[in-house]
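Following: one structure in structure tokens, then a few remarks.
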Amino acid sequence: MKIGVLGAGQLGRMLALSGYQLNHQFGFTAKSNNDPSSLLGVVFNENETDNSAESLINFADVITYESENTDVEIIRNVSKSIKVFPGEKSLFIAQHRVREKSLFSKLNIPCAPYQTVNSLSDLILAVKNIGLPAILKTATDGYDGKGQFIINRDDQINDAWSSMNGVESILEGFVTFKRELSLIAVRGIDNDHRYYPLVENTHHNGILRMTNAPAENIGKEVQETAERYMRSLLDELNHVGVLTIELFETEEGLVANEIAPRVHNSGHWSIEGSITSQFENHVRAITAMPLGDTATLHPFCTMINIIGKVGDVNEVLMMPNAHLHLYNKEEREDRKLGHITITAKSKDEMNSNINQLKQYLPK
Ligand code: AMP
């Protein structure tokens, strides 16, 4: 089939790399002819084509997207003439934190207490109801921890509201968590669905740095609880494709933070670490192919993002269990340029590999 992807970043690139194996072809709407996906399919350059989405529709048999910031209006219009997976509802919910949290509440998925904030007086009231510490976040357009203000004291309320620049926001109670986890699942057009194991994510300055897959010491019942939450989301959204949920692990159990209606950075390990990667399973799902086995291939699998600077790639390539992925991006501070996945048979082996890797990664 011809798969049209709205967007041409690294996620589109990895979707295409897995999709060609299955005889699919790819087209992308791109901002330049040098985007991470641009060499991997037909490019409809937004700056050179009057209506790149229209051109993509003419090219494709099915459309998907690689960012939750994709314009919902575009998806709504495109859906009138061609199948789009995941559907509009998944995107509409995932790109707005208040809608996301109200869906969690409706489905009895625990999440932080929250309140919508549109003004300073709303914020004062929300702080009164929720208490401090709390986090003020923009309701939309937030990614990698941007558009957030942690309020610890009452005298920070004014600054917090000013930092939102007047946009619709959400105040969330601060969750004291042990670890950050995520669960990735895939659902097919025929309602078949598969889950990857819970993974542990480490962030720094709001950016994902490292994912350990599977997360250590996850009891069967915790995995089952996460899968139950995910199942209710998949069904409620009638979701087709990959869906990710980010969770906090707390003393009281799992607390949901957000969902992403797409393949996710915390699932990149699955390229080498799983029988079927998240990318291949997304492609399978949206093209009505049978879903693939999500079982893991290695007892320890760690994904490390390459951020800002690439470092000594030849040294990385000389490590026997390290798999390098580069995204064809220029070096820039805080930019995700690639990732490395390390597989290991034991924790000791993994730790020594990670220590070795630290020497080659400048950041
Ligand atoms: P987000 O953009 O919602 O993923 O938030 C970015 C990061 O901020 C998360 O990965 C957490 O480390 C932290 N964070 C977000 N929301 C909360 C919360 N309600 N309580 C505590 N930490 C949070």
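When a ligand or atom number is given, it counts from 1 through the structure's own listing order. Worth knowing before you read on, the calculation uses all heavy atoms, side chains too, and leaves out hydrogens, waters and symmetry mates. As the structure is a prediction and not an experimental result, all values here were calculated from the model.
- Heavy atoms only, all atoms of each residue included: Ile109 and Ala256 are closest at CG2-CB, 3.7 Å.
- Shown in contact with Glu246 at under 4.0 Å from a heavy atom are these atoms of ligand 1, numbered in order with element: 4 (O).
- With 3.5 Å as the limit, one finds a donor-acceptor pair spanning the side chains of Asn265 and Lys336.
- Using a 4.0 Å cut-off between charged nitrogen and carboxylate oxygen, Asp235 and Arg187 count as a salt-bridge pair.
- Between Arg97, His204, Glu258, Lys137, it is Glu258 that holds the heavy atom closest to atom 4 (O) of ligand 1.
- At least one N or O atom of Val175, backbone or side chain, sits closer than 3.5 Å to an N or O atom of ligand 1.
- Lys101 has no carboxylate O lying under 4.0 Å from a charged side-chain N of Glu258, or vice versa, which leaves the two without a salt bridge.
- Using a non-hydrogen distance threshold of 4.0 Å, Ala134 does not register as a contact of ligand 1.
- For the residues Glu172, Gln148, Lys101, the heavy atom positioned nearest atom 6 (C) of ligand 1 is part of Gln148.
- When atom types are taken as modelled, the side chain of Ser277 and the backbone of Glu280 share a donor-acceptor pair closer than 3.5 angstrom.
- Considering backbone and side-chain N/O of Ile135, none are found under 3.5 Å from N/O of ligand 1.
- Of the listed options His203, Glu180, Glu100, Glu180 places a heavy atom closest to atom 9 (C) of ligand 1.
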